[in-house]
Each structure stands twice: as structure tokens, then as C-alpha cells.
Amino acid sequence: MKTILNILKWIILIFFIFVALYPLIWLLLASFKSSNLELQQNSFGLPEKWMFINYYNAMLKAKLTSLFFHSIIVATFAVLLNLIVASMTSFVISRENFKGKAIVFTVIVAGILIPIISFMVPYFSIIQKLKLYDSLLALILVYCTINIPISVFLLTSFMESIPIELEEAATIDGASFIQRFTKVILPLSQTGLATAGTFCFIYSWNEFIMALLLTSSESSRTLQLGIRFFTSQFVTDYTAMYAAIVITIIPSIVVYFIFQNRIISGLTAGAVKG
Amino acid sequence: MKKLIFLILVLTIVTAGATFAGGQQDSDKEVVLKWPCIWVGEDSKANAVASLVEQFNADNAGSINVVIEAQPDYDGYEQKIRTSIAAGIVPDIFTMKLNPTTKAYYESDLLMDFSTELGMDWGKDFNEGTVAQATVDGMVKSLPYEVAITPVWYNMDLLKKAGVSAYPKTYKEFMDTAAKLKAAGIIPTSQMTGGSNAWTSMLWYSHFLASAGGKDVYNNLFEGDAYVKAAEVLLAMYSDGNTSRDAVGGDAGVSGGHYLAEESAMFINGPWYIGRVRGDAPEVYAATEVGPAPAAGNNSGAQIGFLQTNFAAAANSDDPAKAAAAVKFIKWMTKAENVAEISKQAGSLFAVKYDASTIDDPLQKKFIEASNNAAFTIPHLAGVVPADVVSEFGQALGKMALGEATPAEFVEMLKKVNNQ
């Protein structure tokens, strides 16, 4: 009976691994095919000839190098700004007692539930009024802001799990409000910060619709917009587009692998808090 | 040390703000017109349009500079225009498809009304009736530019290979032809339920509506037998291997790709696709003929014709110099010789009068012939219903194709959204 259950467990695991990995493997193989025609005729097989030139074309045609740089800037600064704002907010919510604390937390975190599309018009208006349309700063600010609810949610849970005694000891030693945050809570929240930062980075890296809405010129275009250069109203160069997609997903995977242990422990922090 | 790190962090963000905030810049001397443009990248009109803009900028150096903001993703482009207008901000110049949803833009003061300019000599440059189609309550807030008919494209070589000597004119002939094509390993038709409007299949359906309901079929939307009859024929196209397996969920790349790859024998699209076929599949281009869809009802020989793209511009009532510059540029784009150049390179047809004798493309000539020979012409369905119905069309079609809805239920789904 135990053996059967074990086999069943492995069958289910292999099935889900296959479901999770198959699209990525398919994408990788498709990116090496010679043309849309081969893609249609030999959709699931190995490429007849491995076309490494698709990657070169993708870099050249969509000017991926400069777009890569823009995406790095936007994602990095959005993460930094997001963590600064969210950690300060979370510190106050998790460690201080004040009237309406629960309401403030609920209002901020409720942002997670609101579809991004409903923010399009207000964000567009604000960015236009700030004269930031078509700038990387517009994207940095918007991505940072959109991710504040999830970051506050994660960091508040994490900070609540830090023993109050540590902070009390610091207070006895003469630590001020700011010192308690910068010298006690923030250093102990690294795992939570890594989790929130990774979420923000992946979102900022992959986001398309706000980038489309808030930018227009090459000088502020991000990678996700560059990928669309392989499509037009009626035509799509799929193989080059898939090569570009493979290039763009590498940083997200790298970031996740670097921080995966922290992400998992960050997500589970506070889950067993008594 | 930590103070230093914190300081560096703050300084970095401030520096980033200063460095990456290079957004809108106003220039005192030169009028800069920004044009979010879909005719870029892989589009067949991209080169011709870029060249015309370059020439215009050179001719108006120091006074007007038109900047193309490349928007290759059409669905995203439409979303951007909708959001901009909802926020009360209109691009200096843009293009749009005129339909019941975009006609609502006419109600605002954000768009420029070209009626006064057209009332002078400019109006004479346009083909008869086209300006009237873009007129709402006496206002012309979008200027007819690209027009299209969308006949059925059929690959005569593939038909011959399957033992079919003539293009099918009736539904029965079509089914016989489809059977022969399938026996020869050829997919009879290209279809798609994906994209924002299930373009190819929406056009097939519009053809069948014309055949089943005649030229007044849109007078009572989704009422009468014609809608269900046309849906039954469309369902037949999705059944028994009459289209590719990837049609459900497929987009324009899929439906067009099968035709270009000589895998499917019949396909529908507009003349702007000629440039693509000519460049990427010369054998297909040489073998392509165009004609009306096989008659699925009492009417035959109809074509689907419409204003494909209209030019529009921001009203700029507080900036007459910018408004004048926009008119000057659009006039440039509608000059007969410039339109002829785009037409020649891309295969597109235009609402502007130009010397069609310069067209030497045989397939483009076949389009013009098909247009002239049409028994009557109606717009496509997506051009006469609100955007919600257009979005619903692909969903409902997918359900019908997968056997989850009958033709009557398919029509009912569209009707329900239309009545909301």
C-alpha cells in the first residue's frame, strides 16, 4: 500500500513538474526554430537547425541592449524606493500602537485586491500633470507604488514576528524611534525585505501595460515593450519574439534563484506566530 | 557605516529622479507633434510612412517636427488611446478605427474638427462618400484615410492540387471543395478566435451575414434568421477539419501563417496584407486570387468594405500653432502622390483620390476589381457594434467551436452583450 502511494505521489509530482516546465522548454526550443513556418509545422519537436542567429536578431531588431538597461534601472530603483517606503510604513504599523492602526493597515493592503487596470486613468493623469510622461522615473514611481500594498503586507507580518524585547532593550539603551527602526528592526527584517523586493522586482521587470501607457519614445522604453516590436497588427515574427522573451526572463529567474530561500522563509514568517 | 549606506541610497534615488525624469520638454521655437503610430516595425506601411515623415520634417525644419512614437502592439495601442482620451489628454496626431465606441470621442471637445478645412479644397481630395462616413452631427473629427475591402483570398494552386478547377460560389460547392482539399492534406480555411476581435473569423461571419441577410442585415442587430444561419455556416468552418486545430485561441499570426505556409487554401484579410504575402511567400502571392465568400444565403457577390483607419488630432484650441501644424502634416499625408507611394509599397487602399494607374501590383488590382464587381458592400460586424460585443465575439465563437454553444446560443450571447 505504501509503495503504491509512493508511486502515486511521484506520478503526481512528475505531472506537475511537466506542466510547470513544459511551456519553458517549448519556448526555448521555439526560439531556435528557423521561421514561423517551422514553428507551425513542427510545433513540438526539436529545431531542424539551431538558429542562434534569432538571438542576435532579437538583440539587434528590438534594440534589446538599451531596453535591458532601462528595465534594470526601472526595476532596481522601483525596488529600492518601494522597500524604503514599505519598511517605514510596516515598522509603524507593526511596532507602534495608535488609534485606527487596523484601518490604516486594511486600507493599504486592500490595494492588493484592486485590479491594476482600474489605476490606468488616474496614474496616466498624475504622471502627465507631473510632466513625467515618457520618463523612466514615471515607471519607477508607479511600479514602486503599485507594489506598496503587497510589500507592506509581507513586511508587517515579518516585523510583527520580531520579539518586542529586542526593541525594549534598545530603548533602555537610549535608542530613539529612528534608531529602533534602523538599528534593530530593519537589520532583522532582511528576509522579509528580500521577499518583498523580489516580488517588486519581478513585477517591475515583467510589467507591460503601464510601460505602454506611460512611455512613448525609445529613450524610456522597457524590455517588455521591445518584445512587441516583433508584432504588428497582422504579422508576428514568433521565433525572434520567443528569443527576445527567453533573454528577458533570465534576470527574473536569476533573482529568484539568488533569493529563493529568503523568499520562502519570508513568506512563511509570521505564519506560526502565536 | 549604516548611516553612510542610507545616505548613499537616498542620494542614489534623488540622482535617479533627476536623471530619469527627462519627460516632456517644451520647445519655444519648434512645434513638436507626437504621433503614436502603429505603422512601425513589421507593418507593411512602416517604411513608406517613416520616409514621408522624414521628408515632412526636412521640409519644415525648425518650424514643425513630427515624432513617431512606435506602437507596434495594436491592442495595446487602442488601450492607450482609450485611456488617454478618458484622462482628457489626446495625442497630437493618432489614427483610429471609426466604430460605435470611437464615435463617442466625437462628443468631447478634445478632438479637432476638420469640417471647416474639408469645406475648402481639401474635401475634394477624398473619394465620394468617405468623408460622409466619418461625419457625425456635421462634425468630422476623424479623417478617412485607409479603406479596405476584405474579400476571400484563395490559393488557386492548392485548389488545383486538390482537383478543384474553380473557386466555390455556393455553400454546397464550398463543402465539396473543402472535402477535396482535406483529402489532399490541405486545410480548407484559416480561422481564429483570438486577438481582440477574432479578426479573420469575424470577417468570414460578416460575409455570411451579407449573404444570408442582404445589405440591410445590420438594421436589426442580432434579430432574424440571418445571424443564426451565418453562425451555422461559421460553425461548419470550424468543424470536421475545415480549419486548423489551433484556430480556437489562435490570433492573426496563426490564421495568416497557415495561409502563408500554403497549409490553408482560403483566408480573409485586407489589402494591407499584400505587402506581407509578396515579401514572405512569393509562391502564395502568385497563386492568390480574391473573390466574395461562397453564398450561404439568398444573396451572392457581396463584399465587406469599410473605413479601416482614420486620422485624428488633438483640438489644441489653446495652441493654434500646434493645431495648424497638425493640419499641415495630415494634409501632407493625404497628398495624392504620398498616398500612392504608401499604396504601392504596402498594397493598402485609401480614401484619398490618387492615380491608381500607377499601381502595378497584380494582386492589388484584383482587390480593386473585386471592389468594383461587388453586388453590394457592407461593413464588417466589428464596425457596427460596440467594443464589448467585439470582445465577446471571439469568446462566444470559441465556445461554439468547442461544442459548448449552439449557433442560436452564440447569437444570443452577442445579442445579450449588445443590449447591455
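Naming convention: chains lettered A, B, ... in sequence-line order (proteins, then strands); numbering from 1 in each chain. What you see is a predicted model, and the numbers here were worked out from it, not measured in a lab. We use all heavy atoms of the structure for the numbers below, so side chains are in, but hydrogens, waters and symmetry mates are not.
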*Around A:Y56, counting heavy atoms of other residues, nucleotides and ligands shown, do more than 12 lie under 6.0 Å from its OH?*
no
*If every non-hydrogen atom of A:L212 is compared with every non-hydrogen atom of B:Q71, which pair is closest and at what distance?*
CD1-OE1, 3.2 Å
*Do you know which two heavy atoms are closest between B:T83 and A:M120, and how far apart they sit?*
OG1-CE, 3.4 Å
*Which atoms of B:S84 come close to chain A, meaning under 4.5 Å heavy atom to heavy atom: side chain ones, backbone ones, both, or neither?*
both
*Which atoms of B:D251 approach chain A - backbone, side chain, both or neither, heavy atom under 4.5 Å*: side chain
*Does CG in B:N57 sit with more than 12 non-hydrogen atoms of other residues, nucleotides or ligands closer than 6.0 Å?*
yes
_Heavy-atom proximity to chain B below 4.5 Å, by part of A:I117_ = side chain
*asked:* Checking B:E146 now: which residues fulfil salt bridge (charged side-chain N to carboxylate O under 4.0 Å, His left out) with it, not counting sequence neighbours?
replied: B:K45
*Which residue out of B:A281, B:A70, B:G270 racks up the most heavy-atom pairs below 4.5 Å with chain A?*
B:A70
*What do you reckon, is CD1 of A:I53 surrounded by more than 12 foreign heavy atoms closer than 6.0 Å?*
no
*Could you look at A:I209 and say if it's the side chain, the backbone, both or neither that has a heavy atom under 4.5 Å from chain B?*
side chain
*Residue A:T215 versus chain B: region with a heavy atom under 4.5 Å*: backbone
*Which pair of heavy atoms, one from B:E69 and one from A:S216, lies closest together, and at what distance?*
OE2-OG, 2.8 Å
_For B:V254 versus A:Y238, what's the shortest heavy-atom pair and its separation?_
N-OH, 4.3 Å
*To the nearest 0.5 Å, what is the distance between CD (A:Q224) and CG (B:D73)?*
11.5 Å
*Any side-chain heavy atom of A:S217 within less than 4.5 Å of one from B:K34?*
no
*Which residues pass the salt bridge (charged side-chain N to carboxylate O under 4.0 Å, His left out) test with B:R82, sequence neighbours left out?*
none
